Participant: 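One structure follows; several queries about it will come next.
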Amino acid sequence: MLSVVGLVRGGVLKLRLLQLPVRGVCSVVNRKWSVSTGTIACCHWSHVRAASGVRGGDVASGWYDSLADSAPVHLCEHFMVSMQQVSGLPWWLSIVVATLSVRSLVTLPLTAYQLVIISKVEALQAEIADVAKRLRYEVSVRARERSWTDKQSRVQFQKNLRRIRTQLYVRENCHPFKTSLLVWVQLPLWISFSLALRNLSLVQSEVQGDLAAGGALWFSDLTSPDSTWILPVCLGLANLLIVEVFSLQRRNPTSFQKLLLNFIRGFSVLMVPLAATVPCSMALYWFTSSLVGFSHNLVLRSSRIHRILRLPTDGSASPYRDLLSAFIKKYCQH
């Protein structure tokens, strides 16, 4: 689910991905292989400015130009090309493996850490409610002694409650801001890899030629959009599935949570035409990232994982069966 939420927060950036000019994209040239050792003796990375149909002098300036030519994007390009060369896999499978590796090694631990923080915050709510009840009584007594107005009483209550709540979060080392760490890491990674694949797909270089012939099935050319719309539609369905599974975890959602879920549903649908206008390499990365995020969400629902992370469980011995039953009850029965 966090994958989808991250996509929503980065929506403005995604809308600009389709128009980003290509600048400073790294391409692999002058590769010299050692026949005796079977390893790469020299891999020289050079900057190229000529993009397909675009001349370097015609590139529009702007913050998104700098983003496409930034060090994190070039690092992702280097990572993708190096992984493909070392593994020898076709480009489509290399993109899948790279996505699985990065999300499993980087975002999965952060997602687990986020669950730990959320569980601690939720466990403190009962204590915070009890503290708030006693604090309200103490403030009312002090208000009568000092003849405070209702506004002064509310200010004193809120100020002291914030202070006590912060102390409790510090005591348990679970400040809610830590739950946003996943987004601050995952969103830049998603943008950087998306731009890296776009750059590699559009720059006239050896890598572009390999990508053009590195697809499979109906998306044989990874440098052009998917004219069949199969990948974009699969992406939209995967994101909607993540949203619906996440909604089943909220037993009594607030009005804001319902509004947010509806917004994410709409954005998931909007991603379909967006994915149909970008190179297949990007659409494949987005689809794979959503599937990996969904699988991680299922893994972290395991009661065994909850015991390892010391998370409170609902006592269910079959969380996956319960999830499937809840899904069928909500969407398949009337």
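Hydrogens, waters and symmetry mates are skipped; everything else that's a heavy atom, side chains included, is used. What you see is a predicted model, and the numbers here were worked out from it, not measured in a lab.
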Participant: When you measure from the side chain of Thr277 to the backbone of Leu274, do you find a donor-acceptor pair of N or O atoms at a distance under 3.5 Å?
Facilitator: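 Side chain of Thr277 to backbone of Leu274: a pair is present.
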Participant: Begin from the C-alpha positions of His175 and Ile117 and carry the test side chain to side chain contact (heavy atoms under 4.5 Å, CB included) through to its verdict.
Facilitator: CA-CA 8 Å; His175 196 283; Ile117 298 299; over 6 Å; no
Participant: Please give me the minimum heavy-atom distance between Leu291 and Ala238, naming the atom from each residue.
Facilitator: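 Taking Leu291 first and Ala238 second, the nearest heavy atoms are CD2-CB, 4.3 Å.
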Participant: Is there a path of hydrophobic side-chain contacts, each under 4.5 Å between heavy atoms of I, L, V, M, F, W or Y residues, that connects Leu211 with Val81?
Facilitator: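 Same hydrophobic cluster.
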Participant: Identify, with sequence neighbours excluded, every residue that meets salt bridge (charged side-chain N to carboxylate O under 4.0 Å, His left out) alongside Arg134.
Facilitator: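 Arg134 satisfies salt bridge (charged side-chain N to carboxylate O under 4.0 Å, His left out) with Asp130 only.
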Participant: What is the distance from atom CG of Asn297 to atom CD1 of Ile242, rounded to the nearest 0.5 Å?
Facilitator: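 Asn297 atom CG to Ile242 atom CD1 measures 7.5 Å (nearest 0.5 Å).
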Participant: Got a sec, which residues hit salt bridge (charged side-chain N to carboxylate O under 4.0 Å, His left out) with Arg171, two or more places apart in sequence or on another chain?
Facilitator: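 If we apply the salt bridge (charged side-chain N to carboxylate O under 4.0 Å, His left out) test to Arg171, skipping adjacent residues, the hits are Glu127.
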Participant: Distance from Glu122 atom CD to Leu115 atom CG, nearest 0.5 Å?
Facilitator: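 These two atoms lie 9.5 Å from each other.
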Participant: Tell me, please, which residues at least two apart from Lys178 pass side chain to side chain donor-acceptor pair (under 3.5 Å).
Facilitator: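 Result, side chain to side chain donor-acceptor pair (under 3.5 Å) vs Lys178: Asn173.
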Participant: If you measure from OG1 on Thr179 to CG on Leu110, what distance do you get to the nearest 0.5 Å?
Facilitator: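 The distance works out to 12.0 Å.
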Participant: Just how far is it from atom CD of Gln208 to atom CG of Leu202, taken to the nearest 0.5 Å?
Facilitator: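 Going from the CD atom of Gln208 to the CG atom of Leu202 covers 7.0 Å.
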Participant: Using a 4.5 Å cut-off on heavy atoms from C-beta on, say whether the side chain of Tyr137 contacts that of Val141.
Facilitator: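 In short, these two side chains touch, coming nearer than 4.5 Å.
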Participant: Count I, L, V, M, F, W, Y as connected when their side-chain heavy atoms are under 4.5 Å apart, and connections chain through other members. Are Phe294 and Val292 then in the same cluster?
Facilitator: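 No, because Phe294 and Val292 fall into different hydrophobic clusters, even though each may have its own neighbours under 4.5 Å.
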Participant: Roughly how far apart are Gln186 CD and Thr107 OG1, rounded to 0.5 Å?
Facilitator: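 Answer rounded to 0.5 Å: 5.5 Å.
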Participant: After noting the C-alpha distance and the side-chain angles of Thr111 and His296, does the key distance pass the side chain to side chain contact (heavy atoms under 4.5 Å, CB included) rule?
Facilitator: CA-CA 9 Å; Thr111 304; His296 287 171; 5.8 Å; no
Participant: Determine the minimum heavy-atom distance between Ala143 and Ser153, stating which atoms define it.
Facilitator: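 Minimum heavy-atom contact is CB-OG, 3.4 Å.
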Participant: Got Glu172 and Leu168 here, is their nearest side-chain heavy-atom distance under 4.5 Å?
Facilitator: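 Contact flag for Glu172/Leu168 side chains = no.
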Participant: Between the side chain of Ser82 and the main-chain N/O of Phe79, is any donor-acceptor distance below 3.5 Å?
Facilitator: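 Looks like no, no N/O pair under 3.5 Å.
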Participant: About how many Å separate CG of Leu93 and CE of Met83, when rounded to the nearest 0.5 Å?
Facilitator: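 That separation rounds to 10.5 Å.
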Participant: Using every non-hydrogen atom in the two residues, find where Ile305 and Leu300 come nearest and quote the distance to one decimal.
Facilitator: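 What the structure gives for the nearest pair is CG2-CD2, 3.8 Å.
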Participant: Determine whether Met80 and Leu67 fall in the same hydrophobic cluster, where Ile, Leu, Val, Met, Phe, Trp and Tyr are linked whenever their side-chain heavy atoms lie under 4.5 Å apart.
Facilitator: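 Met80 clusters together with Leu67.
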Participant: In sequence, state the C-alpha distance, the side-chain angles, and the governing distance for Val272 and Trp229, and then conclude on side chain to side chain contact (heavy atoms under 4.5 Å, CB included).
Facilitator: CA-CA 8 Å; Val272 174; Trp229 282 56; 3.9 Å; yes
Participant: With Leu135, which residues qualify under side chain to side chain contact (heavy atoms under 4.5 Å, CB included), at least two apart?
Facilitator: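 Per chain and number, Leu135 pairs via side chain to side chain contact (heavy atoms under 4.5 Å, CB included) with Glu138, Val139, Phe157, Asn160, Leu161, Ile164.
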Participant: Can you find a heavy atom in the side chain of Ser268 that is under 4.5 Å from one in the side chain of Val243?
Facilitator: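 Yes - at least one pair of side-chain heavy atoms lies under 4.5 Å apart.
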Participant: Do Leu200 and Ser281 make a side-chain contact, defined as non-hydrogen atoms from C-beta onward lying under 4.5 Å apart?
Facilitator: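 Contact flag for Leu200/Ser281 side chains = no.
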Participant: Taking all non-hydrogen atoms of both residues, which atom of Leu222 and which atom of Trp92 are closest, and how far apart?
Facilitator: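 That would be CD1-N, 3.8 Å.
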Participant: For Thr149 and Gln152, indicate whether the former's side chain and the latter's backbone hold a donor-acceptor pair under 3.5 Å.
Facilitator: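 Indeed, once roles are kept as given, a pair shorter than 3.5 Å links the two residues.
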Participant: To check you understand the geometry: which heavy-atom pair defines the closest contact between Tyr169 and Gln125, and what is its length?
Facilitator: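 Where Tyr169 meets Gln125 most closely, the heavy atoms are OH-NE2, 4.0 Å.
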Participant: Could you work out, with salt bridge (charged side-chain N to carboxylate O under 4.0 Å, His left out) as the rule, every residue matching Arg154, not counting sequence neighbours?
Facilitator: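 Arg154 satisfies salt bridge (charged side-chain N to carboxylate O under 4.0 Å, His left out) with no residue once adjacent residues are dropped.
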Participant: Sequence neighbours excluded, which residues qualify as salt bridge (charged side-chain N to carboxylate O under 4.0 Å, His left out) partners of Asp150?
Facilitator: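 Asp150 satisfies salt bridge (charged side-chain N to carboxylate O under 4.0 Å, His left out) with no other residue.
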Participant: I'd like to know if the side chain of Gln84 reaches the main chain of Leu89, judged simply by a donor and an acceptor atom lying under 3.5 Å from each other, with no hydrogens or angles considered.
Facilitator: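 At least one qualifying donor-acceptor pair exists.
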Participant: Nearest heavy-atom pair of Leu231 and Cys280: which atoms, and what distance?
Facilitator: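 Taking Leu231 first and Cys280 second, the nearest heavy atoms are CD1-O, 4.2 Å.
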Participant: Let me see the working for Cys174 and Leu124 under side chain to side chain contact (heavy atoms under 4.5 Å, CB included), right down to the final yes or no.
Facilitator: CA-CA 10 Å; Cys174 64; Leu124 280 176; 3.7 Å; yes
Participant: Leu75 and Tyr285: same hydrophobic cluster, using ILVMFWY side-chain contacts below 4.5 Å?
Facilitator: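 Hydrophobic grouping puts Leu75 apart from Tyr285.
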Participant: Linking I/L/V/M/F/W/Y whenever any side-chain heavy atoms sit under 4.5 Å apart, do Trp148 and Val155 land together?
Facilitator: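 Unlinked, Trp148 and Val155 end up in two clusters.
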Participant: Do Trp286 and Thr99 come within less than 4.5 Å of each other through their side chains, counting heavy atoms only?
Facilitator: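 A side-chain contact is absent here, since even the closest heavy-atom pair is not under 4.5 Å.
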Participant: Side chains of Thr228 and Phe219, heavy atoms from C-beta outward: is any pair under 4.5 Å?
Facilitator: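 The answer is no, as the side chains (C-beta and beyond) never meet within the 4.5 Å cut-off.
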Participant: Got Leu100 and Thr288 here, is their nearest side-chain heavy-atom distance under 4.5 Å?
Facilitator: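 Contact flag for Leu100/Thr288 side chains = no.
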Participant: Side-chain contact test, heavy atoms from C-beta onward, threshold under 4.5 Å: evaluate it for Leu195 versus Met282 and give yes or no.
Facilitator: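 Not in contact.
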Participant: Check whether any side-chain N or O of Ser94 sits under 3.5 Å from a backbone N or O of Trp91 as a donor-acceptor pair, and report yes or no.
Facilitator: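 Answer holds: no.
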